[in-house]
Structure formats: C-alpha cells, structure tokens
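Owing to the predicted nature of the structure, the values given are computational and were not obtained by experimental measurement. So you know, we letter chains A, B, ... as the sequences are listed, proteins then strands, and number each from 1.
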Amino acid sequence: MTELFNPSRPVLAEQPAAALFGELEDKGILRFLTCGSVDDGKSTLIGRLLYDTKRLFEDQLATLEKDSRRFGTVGDDIDLALLVDGLEAEREQGITIDVAYRFFATEKRKFIVADTPGHEQYTRNMATGASTADLAVLLIDARKGILTQTRRHATIAALLGIRHVVLAINKIDLVGYDEETYARIVAQFDADADHYGFATRVAIPLSARFGDNVTAPSPSMAWYRGPTLLQHLETLELAPAAERPFRFPVQWVNRPDLTFRGYAGTIASGAVRPGDDVVVARTGQPARVERIVTHDGDLAVAGADLAVTLTLDREIDVSRGDVLVPADARPEVSDQVAAHLIWMAEAPMLPGRPYLMKIGTRVVGAAVTELKHLVEVETFKPLAAKTLGLNDIGFANLSLAEPIAFDPYEANRATGAFILIDRFTNQTVAAGMIRFGLRRATNIHRQALDIDKQARAGAKGQRPGILWFTGLSGAGKSTIANLVEKRLHLMGRHTYLLDGDNVRHGLNRDLGFTDADRVENIRRVAETAKLFVDAGLIVLVSFISPFRSERQMARDLVEAGEFIEIFVDTPLAVAEERDVKGLYKKAREGQIKNFTGIDSPYEAPVTPDIHLDTTAHDSEALADQIVDYLTGNGYLPG
Amino acid sequence: MSLSALPHLRRLEAEAIFIMREVVASFDNPVMLYSIGKDSSVMLHLAMKAFYPARPPFALLHVDTTWKFREMIAFRDQTVRRLGLDLRVHTNPEGRAAGINPFDHGSSNYTQVMKTEALKQALDAGGYDAAFGGARRDEEKSRAKERIFSFRSANHGWDPKNQRPELWSLYNTRIKPGESIRVFPLSNWTELDIWQYILAENIPIVPLYFSAERPVVQRNGQWIMADDARMRLLPGEVPQPRRVRFRTLGCYPLTAAVESDAETLEDIVREMFLATTSERQGRLIDHDESGSMEKKKREGYF
Ligand SMILES: Nc1nc2c(ncn2[C@@H]2O[C@H](COP(=O)(O)OP(=O)(O)OP(=O)(O)O)[C@@H](O)[C@H]2O)c(=O)[nH]1
Ligand SMILES: [Mg+2]
C-alpha cells in the first residue's frame, strides 16, 4: 500500500485580527469542476486534493477507512473517491450520480469545487456543476484517450462560457508514466481546440490515486516540467470581469407600509449610485435612483453581486422580473431569440410546445420555433434535426409570449442564461444561452431615432411590408408579382421587387442550389427585404423559397404583420406541363441537379396569408386578389 | 472588521439574501426552520437583512423535542421577542404522550418520532410550500450532494438520484399542490465562514458555544452535559464541572461538548483553525453508519 501523507493539520500561532478572516493573501475564490468520461478518476482526484491539502478531519478519515473496506474499488487501499461519492447508490455502484460541492482553501486561495458525474445519463448534473465554474479540470484516462463523453463535457464547458481548462491526463501510472502517451492525448485534444475556444489550456500528467503532480511534483515523471495541479489552480489569474453596464433584475417589491416602496434585487453587473438615470428595460419608462437601501445603512455606491434595495424618485410600473438598466446602455428587448440549448429531460424537445422560460427573475411562456441544428460533439458539424433528446445540444430560435430584456450570454451570464421548465411535470428540461435576438417586439421603441421606419413610411403615406411569393418554379410568381407592383405603382405606392433569378445574377451570384446555399440565398434576400421595409417600402419578393423554416426565419426578421406569405399554388404536374423555361425537362433528364419538385423538396405553406390557385384564375385576377387583401387589411391607407 | 473588507463573506451573504428573496417572491406560504443553533442565528440575521426595512415575511418554526438545552429555549424566546417575530413551536403530541426519550428508545427511534415525524406534522399542519433550513454542504457528504432548492414529494421524501438540474442561480420553484421545496441559503458556507461571519457581524448566539464550567459526564470518550434532572446517569457516573463548550447544539443527551477555553468569538475562530475533528463528531445521532444522514433525509429529516 502506498504511503499516504499524514494529514495532520497545520498549527497556526496567534492570529492577528485580520488573519482571523484569512483574507490577507486571498487571490480571490476559484470555482472549478472536475469532468470527463466515466471512471476517469474525477472523484478520486478531488479526494486526493482534499487529502493532500489536509482538509480532512480525523473523524472523516476514520469514516473513509471504514467505508473503503466496505465499498472500496481499490483493494485494501483507501478509496479517495468515497470522500465525495456521498450517496448510497453511488457507493454501491462505484460511480458518481450527482454533483458534489466541496470547499477547501490553501494559503493562497479559496476553492469551491464541483465533482461531477462522467456517466452520460447524468450529463445534466455535470452541466449543473459547470454553470457556475471558472475552470474545468477535464480528466482523461491515459489508457483510453479522448472519448465521446470527454468531448461532450468539453463542449458543454465551452458553451457555458468556461474560459480555462486543465487537461488532466490521469492514471499515468497505468501507462508507465509514459511521455509519449501524454503528448499524443494532448495533441488529440489540441486538434479540436479551436472549436472549444478556451482562453487557457494547461495539460498535466497525473495520478489521482497515487498523488503524482496533484499537490507535489512526481518523482516518476522527470520529463514533465509544468506546474502541479494545485500550483496551477492557486496561481491562475482570472481576468477581472469586464466593465459591464448596470443590470438590476428586480426580485421582489418591498412595501412594508405606504411610505416605502423599494425594489429588492442583486446587482447582476455594473454599479449604481443615487442620482443615476435608469429605465425599465421592457417598457423604457425612465426614473432616477433615489436611495440604495440596506440593513447596514444607505450606500453611496453599490457594485456587482451586492444584494440591495433601490428606491426611485417617481412612481412607475416596476414588478418582479423587470430589469432596471442605465438609460444609455440598455439590453436588447425582444420576443424572439436564438440560443444554444442543452436538453436535460427524457421527454424530447418538441418544437412548438409551450414551455416556461426563467431568465433572471422573470418567467415567460416560450416555444422553440425552429431547431437550427444539433451540435455534434465528435465532428462539430451542425446536424439537421427535428428534435432534441436527453443530453443533446442544439441551436434554436425561441419565441416568447412577451418580450424580455436580455444580453447575449457572452456579454453577460446573468442576463443571458435561462432555463426551460415543463409546464406540466415542472421539471427543468433545458439550460439555455442566448446568442442574439431575432426581432424587436412591436410595442418597443428602444431608440427614438429621429427618422425611423414609421417616419419614412409616413412620408410615403403607406404601411411598409413584405409580399413574399413562394411556389414551384414556373408557378407564376414573377408574373403575378410584376402585375401587383405595376398596380401599386399606379396607385402612387413606393415599391421594390426582388426576383429570384435577378438576385442570383448579382447579390447571390456565388450561391448554388444545395440545401445550405438555398438557406443562405433566402437569408440574404430576407435581410435585404428587411432593409427595404425599414426604408418604408412595400417589397415584393418572388422566390421559390422551398423550406418552411427559412420562410419562418424571414417572417421572424420583421415585425408582426409586416410579412405576408403568398402561396402561388400550382401543382407540380401543371408547372411541369407549362415548363415555360424548359427547366423541368432538363431536370428530368438529369442535366440540372437539386431541382425543386424533382429531386429537392418543396414544403408548401400550411397557413399562408394569401393562397392563390393558379389553376382556377388568371394572373390578372390573382393580382386583384392580392391588392384587395392589402386594401382590406389596412396596408394601403388614404 | 467590516464586511466590505471581506469579499468572500460578502458574496456568501448576497447569495443567501438572493435565495431568500426568490422564495418569498415565488411561494405562497414559506416558513423558516429555526433550530436555535449558530447556523439558524446566521440564517435569521440574513433574513432580517434580506427584507429590510420590512420584517421577514414568514414565521419561524421550531420543532421542540422537549430535550433541548434550557439555555437554547431561553435564547429562542428572547430572540423572537427582540426581533418581534412570529414563532411557531411544535412537539409531536403522540411522542410526548408516549414519553419517547433518547434514553429508553434509542437515538434513532427517538429522532424518527420527535424530529422527523414532528417536522412532517408541523409542515403539513402549516401547509407550508417552502421551508428554509440552515444546513450546509460542508457538514456531511450527502448534504454536499443536495440542491439549494431541494424538491420534496407530497410525503416529504427526498429522491437524491433524481434531483432537478440547478444551473446558475436560476432556481426552479414550480411545484404541484402538496409538494414542497426545502431551501438551504447557507449551502455554500463552511463552518469557518459561519464563525467568521458571526464575528464580523456580531450576531448573538446561545452562550453554550462559549467555554464555561459545566457539569458533564464522560461517555464513550464524549463529554455529555447533565442539563437538567432528567439526565439518566449510569452507575458510577457523577457529573463533574469542566471547562467545555459546544460546536453544535441539539438535544442535550445526544450532543457532545468539547474541552475548550474559547470565551470569545475571536477565540472560537482561532480554535477553528486548529480543529482536528469535524463538528459532526459532537452529534451522536450522525455516527450510526455511513449513509444514515441520507436515509434520514430521504424520510423527511432536515
Ligand atoms: N491506477 C490508477 N487508478 C485510478 C487513478 N485515478 C482513479 N483511479 C481508479 O479509477 C476508478 C474510478 O475512479 P473514480 O474517481 O470513481 O472515477 P470518476 O471519474 O469519478 O467516475 P464517475 O464519477 O463515475 O464518472 C477507481 O477505482 C479509482 O481508484 C489513477 O490515477 N491511477
Ligand atoms: Mg466520480
């Protein structure tokens, strides 16, 4: 049996008053987690750290010895994993099921460590431990190298914004302390490093079981010159949090009597002083901060992470879930966001199903409108998918029942992170990180630009919007769109027509007809149409636009009511029969690949705003139908 | 020393206050378990801060086994009076009628009836949907596994293998009627943090934490205080005066004292740096077997 250190605790002499608080040499707290595949030695490593830093009491050691005899996985030796595997089921099965939080300190620093499970089934518990960590110790069994689960954990750590990673090449004793094995695994990880984008990556060969390079350098690995794990943890400099604007999610309205009305909350970022001008992010209502109230007296300034109560100089509508922000540095406000999701429930994510989103102190209804792709942890290729299963990671558009105030997760974890809750089981089903907003809500005017869309449209005496014509090649889209534009023009309306064939000669000349290119084709056209709408125009877009999801994306880019989907419904047989441009013939002969309707799908609109039946009416009548719709729905005032 | 110079304690304080406010904002009928010990004293102090200038908008609940130290009960009543709080005290009526005590019925039976069952009765009677507890993750290895917002089924059971994910500080507070959440605002505090905070904030605590001469007998290597005439002495046992204090407080026959000269908070913090045993060492019921705490918790114990 290897000699374990004698864990007698250091005897401290008389303490000066400040030393009673142990803050003298405090480099600040470091929160880290251990992660990696099952059985790679995570719990053993934490046990080893606690043991070697002498953080264990005599009675805890006695219990450990007793437990090792009963549950130990290492023969007669002490099983250090049993220090953290605290649940009965974990000890019986010899695996970690849920995250354990442990606290220890050295003379240099305080640590909060989360020991997380490697088993795929419990990935959500790893994410729980990772969500608050600054650093991830990613364990790799030197005999096995990097496994899918190793990659999954690295991916989740990176998505959650962890900036620092330690590659702990563990069980190095089992490969004869071999440098080559170590170097090979490090190279294997580094090949993917760009995908993760960690700011620091330190690789350490170690043996959690025997303590090599954990707190003391290993006598068996003269070839390794780097720091021990503990040295690295003690000295890693955490970049001070970037200067970020003031964010104050209101938690609770404090009204003990009629004379006091305060907004209790924890400052998520930035600082606040009495006299600061703030607004309610959601509504834009302004007010001035009057007092920063605490039990210990009013404060002259309060910074991030402080729990305070603010009073304002006037009565405005503020309730739990609102965010108070500086008038000149506001978050985004939107009811459509794009976010990464880590799915955590057995029941799969279903697009369209209403969940509850908790973001900050706010709870709103939320649905996934579109799953953009699945993040595949082996190749990092975005995969098309319809749903997310347990432990899947996806990138999705979400639509919310009401607009929320948020910052992108990169800019601010506190205002960019959310969870999804199942309305019926009340389970937490997903963790989410907002990447960007998709569209500004109709009733929000965040910036009072002097000349805005309304002003531009007003000068033209019209209501801007997009007439989006979709249908098979040769369905008659361009013909009808052309007729509609002529009529609008005669009525003195300001219009512009974007036609598929024409745009492909210019803006989109670099794009082909693969699915990916089709999506990009539509994205560019949608963005262009949006600019024209902003300019106050009525835009006619005539594109096959075969996929529902991209048409939805185009719809999501503009405000509600500004996107009018027009389905030019011509059955394939009819379009092929007409074959005005002779394209169907070529496609049938195999001269054109990826032709919509032949060897590429067309997803017909389910509920178009206007449905045109080209087999029943001629183009003139169909153009009338559109103009009637516009008049009837108030698009052509005056 | 002022808290503003102690970033670590400041952060822990702010976290606990955030947790308490989440509970008050999200639940209909929360209650705070008040066990009179040092952790409860800190928790109560934090509650006074969290809702200031309002009072904490919930009652305190004390499950009285009738075997607490007399000084604890005196301190409890004095604290409630000083702060003007609403205290509810519950004792298991059947247990009391049957005379269940730690001497005749064994510590685990006694704990089950007078603590676990009593607590469930009190929670059911009050219809509480959330209950604050002062437990810390550093106390015990199954506690180290528990969420801050810890879900309990309608019969108060904890399912440690199936806890809700708990990311960032986004706590899921949704429950169905009858279910409840146990909330632990001090989850991330260590025993040392507690003492340093008590020192920094000068929080009143039961005098039993300070060293004084007290009548004790030695049993199985532990010092047990004869707090009142009900103490069952074994043949040959005679309480002797010793300078002792307590690191943890509970029912006096089940709580061991440590020999100590620590008379001030500063002394206690100094002693903490030198401690070679954990505070659990002084809790006789926790000794039984590894996993006994988890088992009790699954059955509804705090
Ligand atoms: N030889 C050797 N064995 C080790 C080392 N580290 C861990 N082990 C053994 O590997 C086994 C698994 O260790 P654990 O610490 O439970 O692994 P884990 O990563 O926490 O496992 P999960 O949490 O279940 O994913 C145990 O039997 C350990 O004793 C090491 O450095 N060398
Ligand atoms: Mg483990």
Visitor: Chain A: which of B:R10, B:E179, B:E22 shares the most heavy-atom pairs with it under 4.5 Å?
Guide: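 That would be B:E22.
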Visitor: Let's test your reading of the structure: which of B:A50, B:A54, B:S187 forms the most heavy-atom pairs below 4.5 Å with chain A?
Guide: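 That would be B:A54.
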Visitor: Between B:R174, B:K145, B:Q163, who has the most heavy-atom pairs with chain A when the cutoff is under 4.5 Å?
Guide: B:K145
Visitor: Quick one: which of A:V99, A:I97, A:T266, A:D257 has the most heavy-atom pairs under 4.5 Å with chain B, could you say?
Guide: A:V99
Visitor: Which atoms of B:L192 are under 4.5 Å from chain A, going by heavy atoms: the side chain, the backbone, both sets, or neither?
Guide: neither
Visitor: Residues in salt bridge (Lys or Arg N to Asp or Glu O under 4.0 Å) with B:R164, at least two apart?
Guide: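 B:R164 satisfies salt bridge (Lys or Arg N to Asp or Glu O under 4.0 Å) with no residue once adjacent residues are dropped.
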Visitor: Does A:R70 pair with A:D67 as a salt bridge, N-O distance under 4.0 Å?
Guide: no
Visitor: Does a salt bridge link B:E279 with B:K38, judged by any charged N lying under 4.0 Å from a carboxylate O?
Guide: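 Counted as a salt bridge, because a side-chain N and a carboxylate O are separated by less than 4.0 Å.
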Visitor: Is the ring centre of B:W168 less than 6.0 Å from the ring centre of B:F18?
Guide: no
Visitor: By a 4.5 Å heavy-atom criterion (distance strictly below it), what part of B:T190 contacts chain A: side chain, backbone, both, or neither?
Guide: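 Only the side chain of B:T190 comes within 4.5 Å of chain A.
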Visitor: Under a 4.5 Å heavy-atom cutoff, which of A:A89, A:A414, A:G129, A:A264 has the most pairs with chain B?
Guide: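 Heavy-atom pairs under 4.5 Å are most numerous for A:A264.
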Visitor: With chain B, which of A:P256, A:A345, A:A130 has the greatest number of heavy-atom pairs at distances under 4.5 Å?
Guide: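 The option with the most such pairs is A:P256.
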Visitor: Counting the benzene-type ring for Trp, do B:F132 and B:F27 have ring centres under 6.0 Å apart?
Guide: no
Visitor: Taking B:V269, B:V24, B:D193, B:N188 one by one, which has the highest count of heavy-atom pairs under 4.5 Å against chain A?
Guide: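 Highest number of heavy-atom pairs under 4.5 Å: B:N188.
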Visitor: Which answer fits A:L82, side chain, backbone, both or neither, if we ask what part of it has an atom under 4.5 Å from a heavy atom of chain B?
Guide: backbone
Visitor: My understanding is that only residues two or more places apart in sequence, or in another chain, count here; which of them pass ring-ring contact (aromatic ring centres under 6.0 Å, His included) with B:F184?
Guide: B:F302
